[in-house]
Protein chains: 2
Amino acid sequence: MAMQLRGVDAAFRLNRLRHAGLPTTFATMDKQAKGTRKDRAAFKADEVKVDLIAFVVAVNDNEPCVLTIGQADTLPSGPFALEHRSLQSGLRGWVEQQTGHPLGYIEQLYTFADRDRIGSERRQRAISISYLALTRKEQAAASRKCGWRSWYEYFPWEDHRFGTPPVLLDVLRPRLIEWAGGAADAATRRERRQRAATAFGFDGRHWNEDLTLQRYELIYEAGLVQEAGSARDATRPSLVPSKSMVADHRRIVATGIARLRAKIKYRPVVFELMPQSFTLLQLQRTVEALAGRLINKPNFRRLIEQQELVEETGETSVDTGGRPAKLYRFRHAVLDETPIVGTKLPVARG
Amino acid sequence: MAMQLRGVDAAFRLNRLRHAGLPTTFATMDKQAKGTRKDRAAFKADEVKVDLIAFVVAVNDNEPCVLTIGQADTLPSGPFALEHRSLQSGLRGWVEQQTGHPLGYIEQLYTFADRDRIGSERRQRAISISYLALTRKEQAAASRKCGWRSWYEYFPWEDHRFGTPPVLLDVLRPRLIEWAGGAADAATRRERRQRAATAFGFDGRHWNEDLTLQRYELIYEAGLVQEAGSARDATRPSLVPSKSMVADHRRIVATGIARLRAKIKYRPVVFELMPQSFTLLQLQRTVEALAGRLINKPNFRRLIEQQELVEETGETSVDTGGRPAKLYRFRHAVLDETPIVGTKLPVARG
DNA sequence: ACCCCTTATAGTCAAATGGATTATAATTGG
DNA sequence: CCAATTATAATCCATTTGACTATAAGGGGT
């Protein structure tokens with residue numbers, strides 16, 4: 001396998017193995033890690049390169065988009081260098097240089113170790129730190145070799161706004177069933193079916209839009225996607241129809257989508273993607289684009305209003321095609337107020 | 001300031017500044033970041049050192065504990081080296097070597113750039129990757145120079161199980177009010193009061209146990225805590241009574257507590273901290289220890305049962321002091337089933 | 001044996017929340 | 001003026017959730 005399996009849920013999966021009594025990394029751990037804290041300065045071999053990678057999001061015409069560079073499907077990135085004052089400022093610098101796009105909201109996603117790069121003289125370790133960034137397309141200053149592409153070109157099974165995507169039932173389901181059935185023992189087969197059903201909402205289960213990363217990892221594990229630059233055998237006839245990305249960038253995007261979909265439910269981050277003033281329907285359409293599913297209109301409005309996230313500007317928008325809609329703006333004060341909504345513990349009050 | 005302000009919410013705070021029209025990192029960004037992707041291999045200056053730091057958690061006698069090493073209050077850590085097969089295996093190696101403790105569940109917390117270390121010949125960049133790990137004390141093999149310390153020695157204001165901690169109202173509140181009032185302009189004063197009230201539940205607001213990191217950052221920003229090794233002026237007479245840690249380890253712990261408190265509400269991670277079989281009250285006490293607040297007993301049992309997280313072992317425990325309690329064990333199958341509980345979007349079904 | 005204390009377990013009830021639906025208002029375009 | 005389209009308000013009902021009460025089952029002392 002040309003790529004390493006990793007991701008946010010790797011620890012979780014590993015843990016499942018542990019409970020099942022199977023050997024884990026922990027059991028087979030390399031014992032040769034020597035040296036005390038004092039020794040650190042003596043080693044030069046410990047030095048590694050650090051890459052910063054950005055998953056930049058904007059919603060254009062109700063389509064959630066990722067910022068890419070070059071002809072290939074590549075995320076903006078660059079090495080963390082001495083000139084950078086911080087990781088974030090390094091990331092901003094690279095993105096602005098490569099795309100001409102200034103970033104607003106930034107959030108760290110995940111740090112992972114790349115597979116060893118064999119340098120000219122010695123082994124070279126590399127680490128990638130990925131980030132999620134939110135902006136608006138208009139902020140782009142006459143872009144260079146970069147462009148906005150819809151998420152759903154890379155993840156066609158993730159868009160449920162117009163009903164269940166055909167690819168899900170026509171392609172993914174049979175192939176995942178096939179993959180599950182290909183396992184050696186019955187327990188693994190059942191476990192694979194279980195995982196696929198939960199992640200994709202098969203067998204009458206509900207679709208959960210937050211499981212984007214689990215779904216990608218499942219598809220990847222089943223060998224149904226192929227990324228550019230990986231040297232996989234070409235014997236496998238047909239993969240799931242979707243755009244691939246360079247290296248493991250598609251996994252980073254999946255991580256970012258999952259994070260963002262989860263986050264819009266408890267923090268007011270959507271407004272980073274909105275213009276200064278907007279109608280409630282525009283806001284709803286943006287959330288729907290991110291979540292990949294439709295939202296009940298009256299209930300959405302009730303939710304927004306009772307949380308007092310927005311305030312009226314006093315103006316109305318007339319290009320709605322029907323009755324003019326009130327324009328709203330985000331109440332920035334909520335960033336200081338926000339008590340974060342939901343608890344799930346039955347706490348004892350008083 | 002001897003330490004850099006950073007953390008999970010740094011992006012959020014930064015963003016608030018942006019909206020308030022203040023200059024930000026983005027605005028003052030260094031423009032000298034040069035070089036294309038092809039140049040990477042040519043630079044040696046870009047190499048950095050990578051440290052792995054572990055926040056290891058166990059709950060001993062209803063007290064949530066952190067694993068520390070040495071006499072000082074230090075988290076297990078060590079450099080990421082060539083011998084390590086992955087970041088996680090490197091972390092496991094260091095923790096086992098320094099504490100003799102094997103790790104089970106591991107989850108990445110945050111990656112940050114340390115302040116520059118001035119090496120003997122040239123500037124040296126360093127990066128720290130922090131992790132959250134869950135275990136049980138019993139797994140410890142006759143420990144070396146390490147020990148378990150209660151979280152609440154470092155964060156006495158976080159334990160609300162036995163009522164509001166005195167330090168909150170007697171020390172923190174007046175000092176935070178003083179800090180808020182010390183701001184130059186009225187807007188900043190109001191914003192500071194607002195933030196403090198939200199984070200600590202002042203002025204009749206509810207206590208939100210998930211805001212551990214925000215609270216620590218606020219206290220830090222107000223100059224009310226001092227960490228070991230920082231060269232702060234000694235003129236400030238009295239700080240908030242609490243144990244400090246080496247470097248920014250206390251911030252890492254705060255990040256981990258916040259993450260864990262949020263996570264137990266939607267993923268069944270508590271069971272990593274439980275023995276094989278346990279009573280429902282033991283489970284409840286463990287959750288209470290982590291959350292730092294009491295839970296309504298009947299409702300907690302209802303929650304556990306309706307989610308089918310556990311199954312009866314058939315045995316009962318008699319050392320409860322009253323009626324014997326049924327013993328339960330975790331249903332590991334839920335790890336494959338779990339559809340993750342809560343949505344907060346008013347989705348349109350059908 | 002009995003009482004009393006402790007904890008376990010089951011059940012009830014009201015309030016709040018959340019999903020779905022219907023009704024009414026204000027525009028544009030023909 | 002009518003039809004189509006969108007905005008906005010209001011209502012209904014099932015489910016969830018917080019708070020509380022009642023009963024069961026043990027141990028320890030007298």
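Worth knowing before you read on, the calculation uses all heavy atoms, side chains too, and leaves out hydrogens, waters and symmetry mates. Numbered from 1 within each chain, the chains take letters A, B, ... in sequence-line order.
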A.B. asks: Answer with base, sugar-phosphate or nothing: what part of the nucleic acid does A:Leu281 contact at a heavy-atom distance below 4.0 Å?
C.D. replies: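 It contacts sugar-phosphate atoms only.
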A.B. asks: Near B:Glu311 CD, under 6.0 Å, is it more than 12 heavy atoms from other residues, nucleotides or ligands?
C.D. replies: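 Yes, because the 6.0 Å sphere around CD of B:Glu311 holds more than 12 heavy atoms from other groups.
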A.B. asks: From CZ of B:Arg302 over to P of D:dT17, roughly how many Å is that when rounded to an integer?
C.D. replies: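 In whole Å, D:dT17 P lies 8 Å from B:Arg302 CZ.
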A.B. asks: Only one of A:Asp210, A:Asn208, A:Thr212 clears side-chain hydrogen bond (donor to acceptor under 3.5 Å, both in side chains) with A:Arg261; which?
C.D. replies: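 Checked A:Asp210, A:Asn208, A:Thr212 against A:Arg261; only one passes side-chain hydrogen bond (donor to acceptor under 3.5 Å, both in side chains): A:Thr212.
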A.B. asks: B:Leu303 has an atom CG; how far is it from atom C1' of D:dT15, in whole Å?
C.D. replies: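 Distance, rounded to whole Å: 15 Å.
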A.B. asks: Between P on D:dT17 and NZ on B:Lys265, what's the gap in Å once rounded to a whole number?
C.D. replies: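 To the nearest whole Å, that distance equals 14 Å.
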A.B. asks: Determine the contact category for B:Lys297: base if any of its heavy atoms lies under 4.0 Å from a base atom, sugar-phosphate if only primed atoms, P, OP1 or OP2 are that close, otherwise nothing.
C.D. replies: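 It contacts base atoms.
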A.B. asks: From CZ of A:Arg301 over to C1' of D:dT6, roughly how many Å is that when rounded to an integer?
C.D. replies: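 Rounded to the whole Å, the gap is 10 Å.
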A.B. asks: Look at the side chain of B:Pro324 and decide which nucleotide, out of C:dT9, D:dG26, C:dA8, has an atom nearest to it.
C.D. replies: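 Looking only at heavy atoms from C-beta outward on B:Pro324, the closest nucleotide is D:dG26.
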A.B. asks: Of the nucleotides C:dA8, D:dA10, C:dT9, which has the atom closest to the B:Lys326 side chain?
C.D. replies: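 So the nucleotide nearest the side chain must be C:dT9.
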A.B. asks: Taking atom P of D:dA19 as reference, at what distance in whole Å does atom CG of B:Leu294 sit?
C.D. replies: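 Interatomic distance, CG of B:Leu294 to P of D:dA19: 12 Å.
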A.B. asks: Answer yes or no: does atom CZ of B:Arg205 have more than 12 heavy-atom neighbours from other residues, nucleotides or ligands under 6.0 Å?
C.D. replies: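 Buried by this count: over 12 neighbours within 6.0 Å.
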A.B. asks: Separation of B:Glu305 atom CD from C:dG11 atom P, in whole Å?
C.D. replies: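 Result: 11 Å.
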A.B. asks: Rounded to the nearest Å, what distance is computed from the CG atom of residue A:Leu280 to the P atom of nucleotide D:dA9?
C.D. replies: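 For the pair A:Leu280 CG and D:dA9 P, the rounded distance is 9 Å.
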A.B. asks: Please give, in whole Å, the distance from C:dT27 P to A:Arg323 CZ?
C.D. replies: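 A:Arg323 atom CZ is separated from C:dT27 atom P by 7 Å.
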A.B. asks: Is the closest side-chain heavy-atom distance between B:Leu168 and B:Phe202 below 4.5 Å?
C.D. replies: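 When only atoms from C-beta onward are counted, B:Phe202 and B:Leu168 do touch, with a gap below 4.5 Å.
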A.B. asks: What nucleotide among C:dT9, D:dA19, C:dG19 has an atom nearest to a side-chain atom of A:Asn299?
C.D. replies: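 Nearest listed nucleotide: C:dG19.
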A.B. asks: Of the listed nucleotides (D:dA19, C:dT21, C:dA10), which one gets closest to any side-chain atom of B:Asn296?
C.D. replies: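 The nucleotide sitting nearest to the side chain is D:dA19.
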A.B. asks: Has B:Glu153 got more than 12 heavy atoms of other residues, nucleotides or ligands less than 6.0 Å from its CD?
C.D. replies: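 Atom CD in B:Glu153 is crowded, with more than 12 foreign heavy atoms closer than 6.0 Å.
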